[in-house]
Colleague: 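Got a structure here, written out as structure tokens. Questions coming.
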Amino acid sequence: MATAIDIRKLSSTDLIGEFEKMGEPKFRAKQVYEWLWKKSARSFDEMTNLSKDLRVKLNEQFAILPVNETLTQKSKDGTVKLGMRLHDNFLVEGVMIPDDDRSTACVSSQVGCSLSCNFCATGFLKRERNLDASEIYDQVVLLNKHATEHSGRPLTNIVYMGMGEPLLNYDNVMQSIRLITGQDGLGMAQKRITVSTSGIARGIIRMADEDMNFNLALSLHAPNNEKRDQIMDINRSNRLEDVIAALKYFYDKTGNKITFEYILFDHFNDSIEDADELIALTQQVPSFVNLIEYNNVEGVTLRRAKPERRDTFLNHLRKHGVSAAVRRSRGKDIDAACGQLANKNK
Ligand code: SAH
Ligand code: SF4
């Protein structure tokens with residue numbers, strides 16, 4: 001059999017072209033496109049408004065590469081972590097985090113990560129490959145089912161904070177956002193999406209120039225170049241000044257405030273002097289600060305900051321007019337927190 005075309009790599013225009021070649025009318029292509037995206041069909045046999053003959057033909061020429069939920073873990077607090085198997089057997093993880101008035105999906109953009117930040121469990125994994133837009137989309141569809149099951153309503157927010165660096169899989173990540181927010185897809189609001197990056201200045205500028213309006217978070221984690229170099233290699237090629245300039249550009253283009261994510265590490269970046277440096281950084285671009293409680297990772301010497309130091313740090317930021325909050329860690333009992341997604345159960 002000739003290798004089948006991965007049908008979800010085709011745009012709707014491409015699909016119409018393929019259908020023309022097969023002697024099928026345009027509206028058939030549109031029906032199939034709707035099945036693939038809006039109705040998340042995972043086989044041609046589900047496409048009940050097509051003739052049997054056409055379904056046979058489609059099965060011969062095209063493939064729908066599946067993402068299958070293989071492991072479902074539910075936390076006491078309602079958080080659900082999914083292990084999802086890709087067609088070539090790699091495994092990625094995604095998390096659904098329910099809250100009173102919202103539920104958030106945290107999705108992966110790569111299998112592993114090439115950046116190896118030295119506090120992050122995902123960084124210890126080899127980067128195996130980028131995810132396709134359809135594979136990111138499928139994570140959202142699967143997590144959406146859990147959101148609806150849990151709270152009776154669909155996902156309200158999506159964060160690209162699972163495994164991988166989204167800006168190193170730029171095209172697929174942008175395409176996935178288009179599909180998730182498009183009327184042909186899930187129709188979610190772009191404002192409900194946040195892309196998190198370790199700080200790749202050129203990628204941030206490129207995103208700002210897209211005709212889109214999602215939110216951006218920077219994994220800052222240290223208030224100056226010297227400290228950041230020690231924990232995030234990416235800082236050696238993307239200096240903080242350049243990253244901040246890119247963030248300003250993003251803000252100017254989109255009007256969306258930047259979220260600074262700042263993990264508090266015990267006696268590494270949690271002093272008042274660190275807070276003062278962080279305050280100075282935040283003053284350069286409209287932003288808020290999420291202070292993150294570190295989930296200790298085996299083999300990492302950095303540890304979670306003490307609660308007293310965390311509170312002093314937070315109060316100091318607030319006293320200086322910085323809008324800041326501590327982000328509660330969810331799903332602790334199932335290792336579902338950010339930076340813990342590392343395929344323990346492979
Ligand atoms: N690669 C992107 C997105 C995925 S990481 C990025 O780095 O932004 C999602 C967030 O979890 C990042 O802010 C990351 O720094 C943080 N993180 C990594 N390991 C963590 C850990 N063990 N505890 C808490 N947060 C962690
Ligand atoms: Fe990769 Fe982000 Fe983890 Fe760094 S923090 S290793 S960029 S996933």
Side-chain angles (χ1 to χ4, degrees), residues 79 81 92-95 97 104-131 136 139 157-170 172-173 176 193-201 203-204 207 214-222 227-238 243 246-247 258-266 268-270 287-305 310 326-332 334-344:
T79 301
K81 176 161 92 164
V92 290
E93 294 177 332
V95 186
I97 308 142
T104 304
C106 173
V107 295
S108 295
S109 56
Q110 298 181 308
V111 183
C113 185
S114 58
L115 292 183
S116 313
C117 302
N118 66 5
F119 50 83
C120 173
T122 306
F124 297 162
L125 303 174
K126 184 168 164 253
R127 172 204 165 280
E128 300 284 358
R129 72 165 171 87
N130 285 335
L131 296 188
I136 300 173
Q139 294 175 58
N157 296 71
I158 297 176
V159 296
Y160 284 70
M161 294 187 186
M163 302 161 78
E165 168 51 49
L167 298 194
L168 293 180
N169 182 17
Y170 188 90
N172 286 315
V173 165
S176 70
I193 295 186
T194 302
V195 173
S196 174
T197 178
S198 56
I200 297 166
I204 294 170
M207 275 197 301
F214 51 81
N215 299 294
L216 183 58
L218 174 74
S219 293
L220 181 63
H221 306 327
K227 283 197 179 177
R228 206 161 182 265
D229 280 347
Q230 291 176 41
I231 57 171
M232 300 177 80
D233 269 351
I234 188 72
N235 197 64
R236 295 170 195 270
S237 49
N238 286 263
V243 174
L247 295 177
I258 307 297
T259 304
F260 286 112
E261 296 172 277
Y262 192 95
I263 303 177
L264 283 168
F265 295 112
D266 187 38
F268 173 73
N269 63 0
D270 64 347
S287 51
F288 7 75
V289 174
N290 259 343
L291 295 178
I292 300 172
E293 306 213 87
Y294 184 54
N295 303 299
N296 292 338
V297 170
E298 239 177 77
V300 175
T301 42
L302 292 162
R303 308 305 285 174
R304 172 187 292 205
R310 176 198 66 204
V326 174
R327 194 167 78 200
R328 272 187 311 151
S329 189
R330 299 285 303 271
K332 281 185 192 163
I334 55 169
D335 281 352
C338 286
Q340 291 192 318
L341 303 184
N343 298 346
K344 261 198 196 162

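Read the numbers this way: they start at 1 and go in the same order the structure lists the ligands and their atoms. As a basis for the values below, the full set of heavy atoms in this structure was taken, side chains included, without hydrogen atoms, waters or symmetry mates.
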Colleague: Heavy atoms only, cut-off 4.0 Å: how does Thr197 contact ligand 1, side chain, backbone, both, or neither?
Modeller: backbone
Colleague: For the side chain of Thr197 and the backbone of Gly199, is there at least one donor-acceptor N/O pair under 3.5 Å apart?
Modeller: yes
Colleague: Short list, please: which atoms of ligand 1 are under 4.0 Å from a heavy atom of Ser198?
Modeller: 6 (C), 7 (O), 8 (O)
Colleague: Between the side chain of Tyr170 and the main-chain N/O of Met207, is any donor-acceptor distance below 3.5 Å?
Modeller: yes
Colleague: Is there a donor-acceptor pair closer than 3.5 Å between any side-chain N or O of Ser287 and the backbone N or O of Ile258?
Modeller: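 Looks like no, no N/O pair under 3.5 Å.
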Colleague: Considering only heavy atoms, does Tyr160 approach ligand 1 within less than 4.0 Å through its side chain, its backbone, both, or neither?
Modeller: backbone
Colleague: Without swapping roles, check the side chain of Arg236 against the backbone of Asp229 for a donor-acceptor pair under 3.5 Å.
Modeller: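 Such a contact is found between Arg236 side chain and Asp229 backbone.
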Colleague: Looking only at atom types and distance, does a side-chain atom of Asn296 sit under 3.5 Å from a main-chain N or O of Arg303, one as donor and one as acceptor?
Modeller: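 Side chain of Asn296 to backbone of Arg303, a donor-acceptor pair under 3.5 Å: no, none is there.
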Colleague: Please list, in number order, the atoms of ligand 2 under 4.0 Å from a heavy atom of Gly164.
Modeller: 8 (S)
Colleague: Strictly less than 4.0 Å: does any protein heavy-atom distance to atom 2 (Fe) of ligand 2 fall in that range?
Modeller: no
Colleague: Check Ala246 against Ile204 and note the closest heavy-atom contact, atom names and distance.
Modeller: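 It is O-CG2, 3.6 Å.
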Colleague: Which of the numbered atoms in ligand 1 are below 4.0 angstrom from a heavy atom of Gly164?
Modeller: 1 (N), 2 (C), 3 (C), 4 (C)
Colleague: Does any N or O atom in Glu165 lie less than 3.5 angstrom from one in ligand 1, N or O only?
Modeller: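 Such a contact does occur with ligand 1.
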Colleague: For His221, which part has a heavy atom under 4.0 Å from ligand 1: side chain, backbone, both, or neither?
Modeller: side chain
Colleague: Closer than 4.0 Å to some heavy atom of Cys120 - which atoms of ligand 1 meet that?
Modeller: 18 (C), 19 (N)
Colleague: Using atom types as modelled and distance alone, determine if a side-chain donor or acceptor of Asn269 lies under 3.5 Å from a backbone N or O of Ile263.
Modeller: yes
Colleague: If we set the cut-off at 4.0 Å for heavy atoms, which region of Val297 has an atom near ligand 1: side chain, backbone, both, or neither?
Modeller: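 The part of Val297 near ligand 1 is the side chain, not the backbone.
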Colleague: Examine the proximity of ligand 1 to Glu261 and report which part, side chain or backbone, both or neither, has a heavy atom under 4.0 Å away.
Modeller: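 For Glu261, the contact with ligand 1 is made by the side chain alone.
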Colleague: Is there at least one pair of N or O atoms, one from Glu293 and one from ligand 1, spaced under 3.5 Å apart?
Modeller: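 No.
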Colleague: Residues two or more places apart in sequence or in another chain: which of them pass side-chain contact (heavy atoms from CB on, under 4.5 Å) with Thr194?
Modeller: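 Residues passing side-chain contact (heavy atoms from CB on, under 4.5 Å) with Thr194: Val159, Met161, Asn215, Ala217.
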Colleague: Less than 3.5 Å apart, any donor N or O on the side chain of Glu165 or Ser109 sitting next to an acceptor on the other?
Modeller: no
Colleague: Just going by heavy-atom distances, which of Ser219, Ser109, Ser108, Cys106 is nearest to atom 8 (O) of ligand 1?
Modeller: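 Among Ser219, Ser109, Ser108, Cys106, the closest heavy atom to atom 8 (O) of ligand 1 comes from Ser219.
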Colleague: For Lys227 and Phe268, indicate whether the former's side chain and the latter's backbone hold a donor-acceptor pair under 3.5 Å.
Modeller: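 Side chain of Lys227 to backbone of Phe268, a donor-acceptor pair under 3.5 Å: yes, one is there.
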Colleague: Pick, from Gly162, Gly199, Ser196, the option with the minimum heavy-atom distance to atom 4 (C) of ligand 1.
Modeller: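 Answer by nearest heavy atom: Gly162.
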Colleague: For Arg127, check salt bridge (Lys or Arg N to Asp or Glu O under 4.0 Å) against everything at least two apart and list the hits.
Modeller: none
Colleague: Which of these, Asn295, Ile263, Ile292, Leu218, has its nearest heavy atom closest to atom 23 (N) of ligand 1?
Modeller: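 Shortest heavy-atom distance from atom 23 (N) of ligand 1: Asn295.
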Colleague: Give every protein N, O or S atom lying under 2.8 Å from atom 4 (Fe) of ligand 2, naming each by residue and atom.
Modeller: Cys117 SG
Colleague: Taking ring-ring contact (aromatic ring centres under 6.0 Å, His included) as the test, write out the residues that go with Tyr294, two or more places apart.
Modeller: Phe265
Colleague: Does Asn290 use its side chain to pair, donor to acceptor, with the backbone of Thr259 at less than 3.5 Å?
Modeller: no
